[in-house]
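Residue numbers run from 1 in the order of the sequence given.
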Amino acid sequence: MKRLDTTLLMTDLDGTLLPSTKEILPEELEAIRQFRQQGGKFAIATGRTLQAAQRYLDRVQADVPVILFNGAGIYDPLSGTMLDTESLPAEAAFQMTRQVLEAFPEVSAEILRADGTYVPRMTEYEREHLEICRVEPVLLPLEEIPRREWLKVLFAIAPERMPELTAFIQGQGWQEQADFMQSEARFYEMLPKGVTKGSALRKYRRLCHMEDFRIVAAGDFDNDLEMLCVADIGACPSNAQPCVKEVANIQLTQSCETHAIAELIARIMTDL
């Protein structure tokens with residue numbers, strides 16, 4: 001097999017590396033081990049917080065920096081430090097979040113900071129999300145949550161109400177203060193302006209001195225689009241959204257449920 005000393009594989013978690021069970025399959029772990037054995041570097045890019053991603057970093061024995069908060073943070077698991085963060089404008093983020101919660105009593109919000117997940121309103125969808133991510137939130141009224149260093153805000157709503165939520169936010173004229181994107185059927189996110197997994201990947205190359213690396217990125221949803229375009233090679237599992245399949249260089253035959261990343265690694269090690 002060829003050496004992969006200047007190849008980085010960066011994969012999304014949910015819907016790409018992780019199946020519906022939210023546990024990394026043994027076949028994927030073995031493929032990652034073989035990829036590393038040939039010199040390859042393996043990293044994760046996720047919308048999750050550090051707390052929600054930590055067990056997966058431990059599982060894959062992460063030894064290079066990872067992208068968190070959908071690009072608002074780059075974290076080094078070896079030193080245990082954030083290499084880079086991007087924050088929302090403090091007062092504007094507070095006011096926008098307050099208006100959404102007032103307009104939609106059934107919406108929950110996660111205020112995500114480097115030090116934890118703050119939840120001002122608990123709902124069924126929010127409770128389920130926290131349980132899946134195994135996150136212990138800080139429950140506080142919105143007014144009592146520290147207003148500085150919000151890396152992102154995640155709104156959760158029933159999928160059938162998502163069009164109403166997105167239309168409301170898009171109609172407020174907030175686009176100059178923050179970026180908004182849907183990251184799952186139930187989740188709509190507020191991010192610092194210009195921050196995506198793709199913008200973080202550009203920084204990552206420089207911070208990690210990987211300007212000469214070939215970077216292969218894999219993802220399945222809207223929030224992965226720019227990362228796949230910024231990477232040298234973009235790939236997606238068979239379960240990816242149509243818009244992701246349109247930009248991906250490689251459409252894998254396997255889904256997140258059936259070893260998509262193992263398939264990608266096999267292709268990197270032989271064909272790419």
Side-chain angles (χ1 to χ4, degrees), residues 1-48 50 52-68 73-83 197-198 200-220 224 227-228 230-240 244 248-272:
M1 293 184 184
K2 61 185 177 182
R3 292 294 300 174
L4 301 167
D5 301 87
T6 56
T7 297
L8 170 73
L9 171 56
M10 179 168 282
T11 177
D12 168 54
L13 281 178
D14 300 278
T16 305
L17 178 61
L18 296 182
S20 56
T21 62
K22 302 303 180 184
E23 297 295 339
I24 304 175
L25 299 171
E27 294 86 350
E28 306 284 59
L29 291 171
E30 175 58 20
I32 293 167
R33 186 194 67 79
Q34 292 181 17
F35 176 73
R36 283 190 171 132
Q37 192 173 47
Q38 296 306 119
K41 306 294 184 184
F42 181 82
I44 284 169
T46 179
R48 291 175 178 244
L50 175 58
Q54 186 63 65
R55 65 187 175 113
Y56 302 112
L57 303 186
D58 294 340
R59 194 81 174 93
V60 301
Q61 299 177 352
D63 57 359
V64 296
V66 298
I67 294 173
L68 303 173
I74 300 176
Y75 174 75
D76 181 3
L78 295 183
S79 66
T81 59
M82 298 293 289
L83 302 181
K197 290 183 183 180
L201 182 54
R202 292 189 185 95
K203 285 186 179 182
Y204 190 102
R205 279 191 187 267
R206 174 177 52 82
L207 289 172
C208 301
H209 309 291
M210 291 186 178
E211 291 88 349
D212 297 330
F213 270 61
R214 177 182 62 161
I215 296 181
V216 182
D220 73 301
D224 298 309
M227 177 176 71
L228 268 60
V230 169
D232 298 299
I233 300 172
C236 68
S238 63
N239 58 280
V244 179
N249 304 108
I250 299 172
Q251 294 185 28
L252 299 164
T253 64
Q254 301 298 314
S255 74
C256 63
E257 305 290 341
T258 57
H259 322 131
I261 294 303
E263 178 189 349
L264 178 57
I265 287 174
R267 293 192 61 174
I268 293 172
M269 296 175 70
T270 56
D271 304 332
L272 299 183

Quick one, [X] and [Y] - any side-chain contact, counting heavy atoms below 4.5 Å?
| X | Y | result |
| --- | --- | --- |
| V64 | M10 | no |
| Q61 | D63 | no |
| T46 | Y56 | no |

(message) Counting only heavy atoms not in D271 (residues, nucleotides, ligands), do more than 12 fall under 6.0 Å from its CG?
(response) yes
(message) For R55, I'd like to know if atom CZ has over 12 heavy atoms of other residues, nucleotides or ligands within 6.0 Å.
(response) yes
(request) Check step by step if side-chain contact (heavy atoms from CB on, under 4.5 Å) holds for L68 and I74. (result) CA-CA 6 Å; L68 303 173; I74 300 176; over 6 Å; no
I need the minimum non-hydrogen distance between [X] and [Y], along with the two atoms involved.
| X | Y | result |
| --- | --- | --- |
| I261 | A218 | CD1-CB, 4.0 Å |
| L25 | C256 | CD1-O, 4.3 Å |
| F42 | F35 | N-CE2, 4.2 Å |
| L13 | R48 | CD1-CD, 3.9 Å |
| G219 | L228 | N-CD1, 3.7 Å |
| D232 | F213 | OD2-O, 3.4 Å |

Would you say [X]'s side chain and [Y]'s backbone share a donor-acceptor pair under 3.5 angstrom?
| X | Y | result |
| --- | --- | --- |
| E263 | Q254 | yes |
| K197 | A45 | yes |
| N239 | G15 | yes |
| Y204 | P65 | yes |
| E28 | A262 | yes |

(message) Taking side-chain contact (heavy atoms from CB on, under 4.5 Å) as the criterion, tell me which of I67, V66, L83 meets it with Y75.
(response) V66
(request) Show your reasoning for whether side-chain contact (heavy atoms from CB on, under 4.5 Å) applies to D220 and T16. (result) CA-CA 6 Å; D220 73 301; T16 305; 3.2 Å; yes
(message) Can you see whether D76 engages T81 through a side-chain donor-acceptor pair at a distance of less than 3.5 angstrom?
(response) no
(message) For the residue pair Q34 / E30, report whether a side-chain donor-acceptor contact shorter than 3.5 Å exists.
(response) yes
Approximate separation, where rounding is to 0.5 Å, of [X] [atom1] and [Y] [atom2]:
| X | Y | atom1 | atom2 | value |
| --- | --- | --- | --- | --- |
| I233 | R267 | CD1 | CZ | 9.0 Å |
| T11 | I32 | OG1 | CD1 | 8.0 Å |
| Q37 | R3 | CD | CZ | 8.5 Å |
| C236 | D12 | SG | CG | 11.5 Å |
| Q38 | D5 | CD | CG | 9.0 Å |
| I44 | L9 | CD1 | CG | 10.0 Å |

(message) Apply side-chain contact (heavy atoms from CB on, under 4.5 Å) to residues V230 and M227 and explain how you reach the verdict.
(response) CA-CA 5 Å; V230 169; M227 177 176 71; 5.8 Å; no
(request) Walk me through it: do D14 and K22 pass the test side-chain contact (heavy atoms from CB on, under 4.5 Å)? (result) CA-CA 7 Å; D14 300 278; K22 302 303 180 184; 2.7 Å; yes
